[in-house]
Amino acid sequence: MSNTDLMPIAGAIDPVPVARDITPRPDGRVDLIGLPKKRIAELFAEAGLDAKQAKLRAKQVFHWLYHRGVTEFEAMTDIAKTMRPWLAERFVIGRPNVVEAQVSSDGTRKWLLQTDDGHEFEMVFIPDADRGTLCVSSQVGCTLNCRFCHTGTMRLVRNLTPGEIVGQVMLARDALSEWPKGANDTRLATMAGLDDEETEAEYTADGRLLTNIVMMGMGEPLYNFDHVKQALTLVMDGDGLALSKRRITLSTSGVVPMMARCGEEIGVNLAVSLHAVTKDVRDEIVPINKKYGLEELLQACADYPGASNARRITFEYVMLKDKNDSDEDARELVRLLKAYKLPAKVNLIPFNPWPGAAYDCSSPERIRAFSNIVFEGGISAPVRTPRGRDIDAACGQLKTAAHKKSRAERDREAASEAANEG
Ligand code: SAH
Ligand code: SF4
């Protein structure tokens, strides 16, 4: 995950700089995290194992990486003692670097992470009584400029690699001590409350803290489709992290041309950042709307593979005072969702403020009135309780310190660069 070479991709979908899936490290070793089992076998074969051995070793190593969470080849006890240093000379088992870990007064945890080439991004864990949700980032920064979103004021630095995306889930399992006993270190198992007699088989997903994943951290996941797909494939792999696709939700601001592929090729639940019901308002607050308009977006939702009454699409709607929060907006929202016959639920998100934001949050009474109208229209519209606001971990507050520049500052910089060039 180091020395990430940026490769501009000329794609049908707005090109953004992408990182290679295998990035060269100064020591020449290859990080295995993020690679499919088949690719690991190929690498083992390229390093000199015969095809059969390579396949067998890849299977064993994969199990240790994703099922047991080990970070040292030495811990892979069913691999011959002489083989382990051979692996360690050629490969590493990476994790994103932790710069800082914070805990909110409500139990929400936020980690400031860093890629090997020095870019910072964030991950958030939200514990609830019956579940624990990890909010995962897909990019460092974001190319889109939703007006109410703090991440939107960052420029896009680069896409995260599959290893950096699945690495967040692995790191969360490390931090929550959620690998089966005997994995890395018995201390972790003890912290997870496992006593010596407990077997791995008894330690099932049911008892876990981390039960759900939402691709709702920094970045637009559908602008980093291939890497997000590769990472989530490892998360869902029965031999890998083995989380059900029903427990994973991908949120998009509305990258219409990639939505069908998301359903077909990844198959996770979909959330759409709708936030407005008229062209004017959505153009202003979610500018990608100028490219893919409301009708196109709602049609893509209606066509989303796998959506049904049992698996509804979540429509996220941030409550902005006097901007998108009127009774009329609520009625129009119901009308639109019905017109497209969408199996929908609406999540009303009170706006989370950040320094310099141009909006205020709607009043609690306004939010309740809006929610009631949508409910009366037959669509569930719970109001989300903001979590982790005190540590800037709530929706839309993520932004790393390294890039805290205002738009005005960036405009000034761009103007002076242009002047220098001219
Ligand atoms: N880029 C993707 C996923 C990440 S954002 C997307 O936009 O869908 C997760 C959710 O938080 C999105 O619905 C986003 O619009 C919303 N959000 C952004 N800034 C917010 C803020 N300041 N307050 C409340 N929600 C916000
Ligand atoms: Fe990017 Fe999502 Fe923020 Fe919009 S809301 S700027 S798409 S992270």
Side-chain angles (χ1 to χ4, degrees), residues 13-14 16 108 110 121-124 126 133-160 165 168 213-225 228 232 248-256 258-259 262 268-276 281-292 297 300-301 313-321 323-325 345-362 367 383-389 392-400 403 407:
I13 308 305
D14 313 358
V16 292
T108 300
K110 180 170 91 167
F121 60 105
E122 292 179 322
M123 150 179 121
V124 176
I126 307 145
T133 307
L134 187 71
C135 180
V136 171
S137 290
S138 56
Q139 300 182 308
V140 180
C142 188
T143 41
L144 300 168
N145 290 312
C146 303
R147 284 284 301 276
F148 50 83
C149 172
H150 209 189
T151 309
T153 67
M154 286 177 73
R155 69 189 175 91
L156 176 77
V157 178
R158 70 166 169 81
N159 282 341
L160 291 174
I165 298 168
Q168 295 171 62
I213 290 180
V214 292
M215 296 301 303
M216 294 189 187
M218 293 167 110
E220 168 50 59
L222 294 188
Y223 273 168
N224 186 15
F225 183 83
V228 167
L232 291 182
I248 304 174
T249 301
L250 182 147
S251 174
T252 180
S253 56
V255 183
V256 168
M258 298 307 286
M259 285 169 57
C262 175
V268 292
N269 303 322
L270 184 70
V272 172
S273 294
L274 192 65
H275 303 316
V281 177
R282 198 160 190 272
D283 278 355
E284 176 192 326
I285 67 178
V286 187
I288 195 179
N289 195 63
K290 293 182 205 155
K291 188 158 190 168
Y292 309 116
L297 175 59
C301 291
I313 297 175
T314 304
F315 290 89
E316 294 156 287
Y317 200 98
V318 62
M319 298 303 296
L320 303 174
K321 187 175 179 196
K323 181 50 71 182
N324 64 356
D325 63 350
K345 56 186 173 192
V346 173
N347 251 334
L348 298 177
I349 318 175
F351 169 65
N352 291 307
W354 40 272
Y359 302 101
D360 291 319
C361 185
S362 312
I367 298 178
V383 181
R384 268 217 235 148
T385 317
R387 299 290 302 267
R389 267 188 180 177
D392 283 348
C395 295
Q397 291 185 317
L398 303 187
K399 173 167 176 168
T400 48
H403 304 282
R407 278 209 176 100

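Order of appearance sets the numbers: ligands from 1, and atoms from 1 within every ligand.
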Shell check on atom 3 (Fe) of ligand 2: protein N, O or S atoms less than 2.8 Å away are Cys149 SG
For Ile349, the ligand 1 atoms with a heavy-atom partner under 4.0 Å come out as 24 (C), 25 (N)
Closest to atom 16 (C) of ligand 1 by heavy-atom distance, out of Cys395, Cys135, Cys146, is Cys395
min-distance protein heavy atom vs atom 19 (N) of ligand 1 -> Gly396 CA, 2.9 Å
- Message: Quiz question: by atom type and distance under 3.5 Å, do the side chains of Asn224 and Gln139 form a donor-acceptor pair?
- Response: no
If you scan protein heavy atoms around atom 4 (C) of ligand 1, the nearest is Gly217 O, 3.3 Å
Exercise. Below 4.5 Å, heavy atoms only, C-beta onward: do Thr314 and Leu270 meet side chain to side chain?
Worked result: no
Sub-4.5 Å side-chain heavy-atom contact between Val136 and Val214 | no
Hits for ring pair (Phe, Tyr, Trp, His ring centres under 6.0 Å) against Phe225, two or more places apart or cross-chain, chain-then-number order -> none
Test your reading of the model: is there a side-chain donor-acceptor pair from Arg158 to the backbone of Val140, 3.5 Å cut-off? no
The atoms of ligand 1 lying under 4.0 Å from a heavy atom of Cys149, numbered in the order shown, are 18 (C), 19 (N)
In ligand 1, the atoms that come under 4.0 Å of a heavy atom of Trp354 are 22 (N)
Distance col, row Ser253:OG vs Leu274:CG, nearest 0.5 angstrom, shows 11.5 Å
>> Just so I know, are the side chains of Leu297 and Val272 near enough to count as touching, which here means a heavy-atom distance under 4.5 Å?
In response: yes
With heavy atoms and a 4.0 Å threshold, my read on which part of Thr252 contacts ligand 1 is backbone
The atoms of ligand 1 lying under 4.0 Å from a heavy atom of Val318, numbered in the order shown, are 23 (N), 24 (C), 25 (N)
### Message
Quick one, Ile285 and Leu320 - any side-chain contact, counting heavy atoms below 4.5 Å?
### Response
yes
query: Should Tyr359 be listed as contacting ligand 1, given a heavy-atom distance under 4.0 Å as the test?
result: no
Filtering Arg384, Met218, Glu316, Met215 for the heavy atom nearest atom 10 (C) of ligand 1 leaves Glu316
* Hey, is ligand 1 close enough to Pro350 that some N/O pair sits below 3.5 Å? -> no
> Is a side-chain N or O of Lys345 found less than 3.5 angstrom from the main chain of Ile313, in a donor-acceptor match?
Replying inline: no
Contact region, Asn352 to ligand 1, non-hydrogen atoms below 4.0 Å, reads both
Scanning both residues in full, the closest heavy-atom pair of Ala271 with Thr249 reads CB-CG2, 3.8 Å
Centroid-to-centroid, His275 to Phe148, below 6.0 Å? yes
(request) Assess Pro353 for proximity to ligand 1: is some non-hydrogen atom of it under 4.0 Å away? (result) no
Judged by heavy atoms only, the candidate from Ser273, Ala357, Ser137 nearest atom 13 (O) of ligand 1 is Ser273
Pro350 vs Arg389 side-chain heavy atoms within contact, under 4.5 Å
yes
So, do Leu144 and Pro287 sit near enough that their side-chain heavy atoms are less than 4.5 Å apart? no
Go through the side-chain N and O atoms of Glu122 and Ser137 and say whether any donor and acceptor fall under 3.5 Å apart. no
| field | Min heavy-atom dist His275 to ligand 1 below 4.0 Å | value | yes
Quiz prompt | Close N or O approach (Ser251, ligand 1; < 3.5 Å) | solution = yes
The closest protein heavy-atom partner of atom 9 (C) of ligand 1 is Met216 O, 3.7 Å
Compute the shortest N/O to N/O distance between Gly219 and ligand 1 and return yes if it is under 3.5 Å, no if not.
yes
Value for CG (Leu250) from CD (Glu220), rounded to nearest 0.5 Å, stands at 7.5 Å
